[in-house]
Number of protein chains: 2
Amino acid sequence: MPGRARDADATRDDLLAAARRRFAAEGYERTTIRAVAGDVGVDAALVIRYFGSKEGLFTRAADLDLQLPDLTGVRAGELAKVLVDRFFAVWEDDDRFLALLRAAATSEVAAEAMRTVFATQVAPALAAVTDDRAPERAALVGATVLGFALGRYVLRVPPLVDMTRDQAQAWLGPALRHYLLD
Amino acid sequence: MPGRARDADATRDDLLAAARRRFAAEGYERTTIRAVAGDVGVDAALVIRYFGSKEGLFTRAADLDLQLPDLTGVRAGELAKVLVDRFFAVWEDDDRFLALLRAAATSEVAAEAMRTVFATQVAPALAAVTDDRAPERAALVGATVLGFALGRYVLRVPPLVDMTRDQAQAWLGPALRHYLLD
DNA sequence: GCCAGCTGTCAACAGTCGATGACATAGGCT
DNA sequence: AGCCTATGTCATCGACTGTTGACAGCTGGC
């Protein structure tokens, strides 16, 4: 019980949290297993034992659950607000999203993971409010929020960084509404 | 004159072209100087002699000139078409943009270069057609096209990949118009 | 014809990385 | 208490990286 108890599950969780921070801040290639292990105060070999490989660690660290609500019956005027709220929550509560976004630019595995998020989470949720061309609409909504997140969290373009959640909602709302309903 | 003439300028150009292809396809970290040199059939040390370092090579390879036209007096209905046309040209005529986009996700140098493109090319061009909140509007237009490019060329989201230039224009047009004029 | 300098090569270094397998230690169960 | 397994460490391997300095060969000007 003194200091670190020998609790494999807790160590695994710590490693995943550290991996998320590193992947989100530095991308896939610049993140080293040694650094992640060091953050937790553990040997790098343990990471390999627990997750098999660096790719295995990433896959486990960056699995993303958007938890999009059921949009059936949501009024058109409320749609964008609900979506933007949810995306902001995903972006800022956890490092998973940023880890996935940064890595997706250079890793085919991560890009595939991102496509899967689109296909299994975004598209089905939006299908409830669009009657035609659902895949295109979902892709355009995704591109919109990805572009915003890229500019705000990765490129750090000043006007996007300084924007409040409400301002972002006011700007993105009509665009999302257009992609979903026009 | 047989085979490769000993022409330093031509070799430099070949190296830059090869570097653009590699950076665009694999990102900054996965691109090795040895591979770029190998593509041209030259020793890796020569790359260092010509460009100083890997970062120097990247900077020279990924300098981007959008050549945005003067938008003064362009009718509101034509604005989006002009912009989308120009961006498609930049995306598909050269690998510079993709190299910069991919690298910007993991390299602070590349992110800074991207911010500079925003500040010195996009924002001034758009300032001609917006009267207030020009920086925000420019940033949102940038985020829109970046998000689209990310989905289409990097993540390869099927609906975006399959979209024709005209379809993209039809979808993006109203969104850009909103960001610029509303 | 020959030398000087531009163009390019070669070998190597110093560091880092992911991954492996042998080894140590702690702690619960009997 | 004593053992057995889960947990974690250590040393090391082999490959690859950016970068450097010494060297080689071609070519144009005197």
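In what follows, every chain begins at residue 1, and chains take the letters A, B, ... in the order their sequences are listed. Values in this document were obtained by computation on a predicted structure and should not be read as measured data.
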[X] has an atom [atom1]; how far is it from atom [atom2] of [N], in whole Å?
| X | N | atom1 | atom2 | answer |
| --- | --- | --- | --- | --- |
| A:Leu15 | D:dG8 | CG | C1' | 11 Å |
| A:Glu29 | D:dT17 | CD | C1' | 14 Å |
| A:Ile48 | C:dC17 | CD1 | P | 13 Å |
| B:Asp13 | C:dT7 | CG | P | 13 Å |
| A:Arg12 | D:dG8 | CZ | C1' | 13 Å |
| B:Asp7 | C:dC6 | CG | P | 14 Å |
| B:Leu57 | D:dT19 | CG | P | 10 Å |
| B:Asp43 | C:dG8 | CG | C1' | 8 Å |

Exercise. Nearest to the side chain of B:Arg34 - D:dG8, C:dG18, D:dT17?
Worked result: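 Nearest listed nucleotide: D:dT17.
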For this session: Would you mind telling me which of D:dG18, C:dC17, D:dG8 lies closest to the side-chain atoms of B:Lys54?
Result: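 For the B:Lys54 side chain, the nearest candidate turns out to be D:dG18.
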Exercise. A:Arg49 or B:Asp9: which one's nearest nucleotide on DNA chain C is closer to the 5' end?
Worked result: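 Looking at DNA chain C, the more 5' nearest nucleotide goes with B:Asp9.
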For this session: Could you tell me whether A:Arg60 sits above the aromatic face of A:Phe51, with NZ or CZ closer than 6.0 angstrom to the six-membered ring centre and within 45 degrees of the axis?
Result: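 Verdict for A:Phe51: no cation-pi partner in A:Arg60.
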For this session: Assign A:Ile33 to base, sugar-phosphate, or nothing according to its heavy-atom contacts below 4.0 angstrom with the strands shown.
Result: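 The answer is sugar-phosphate, as A:Ile33 gets under 4.0 Å only of primed atoms, P, OP1 or OP2.
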For this session: Indicate, with a heavy-atom threshold strictly under 4.0 Å, whether A:Tyr50 touches base, sugar-phosphate, or nothing.
Result: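 Touches sugar-phosphate only.
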Problem set entry | Residue that, paired with B:Leu146, satisfies side-chain contact (heavy atoms from CB on, under 4.5 Å) out of A:Leu146, A:Val157, A:Leu155 |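 By the side-chain contact (heavy atoms from CB on, under 4.5 Å) criterion, B:Leu146 pairs with just one of A:Leu146, A:Val157, A:Leu155: A:Leu155.
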For this session: Under the salt bridge (Lys or Arg N to Asp or Glu O under 4.0 Å) rule, what do B:Arg137 and B:Asp132 come out as? Steps first, then yes or no, please.
Result: CA-CA 9 Å; B:Arg137 294 177 187 278; B:Asp132 68 328; 2.9 Å; yes
Exercise. Using a cut-off of less than 4.0 Å, is there contact between a side-chain N or O of B:Thr11 and OP1 or OP2 of C:dT7?
Worked result: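 No, no such contact exists.
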For this session: Anything under 30° is parallel, anything over 60° is perpendicular, the rest tilted; go ahead and classify A:Phe148 against A:Trp91.
Result: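 If you compare the ring of A:Phe148 with that of A:Trp91, the planes turn out parallel.
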Exercise. Between A:Glu112 and B:Arg156, is there a salt bridge with N-O shorter than 4.0 Å?
Worked result: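 Judged by the 4.0 Å cut-off on N to carboxylate O distance, B:Arg156 and A:Glu112 do not form a salt bridge.
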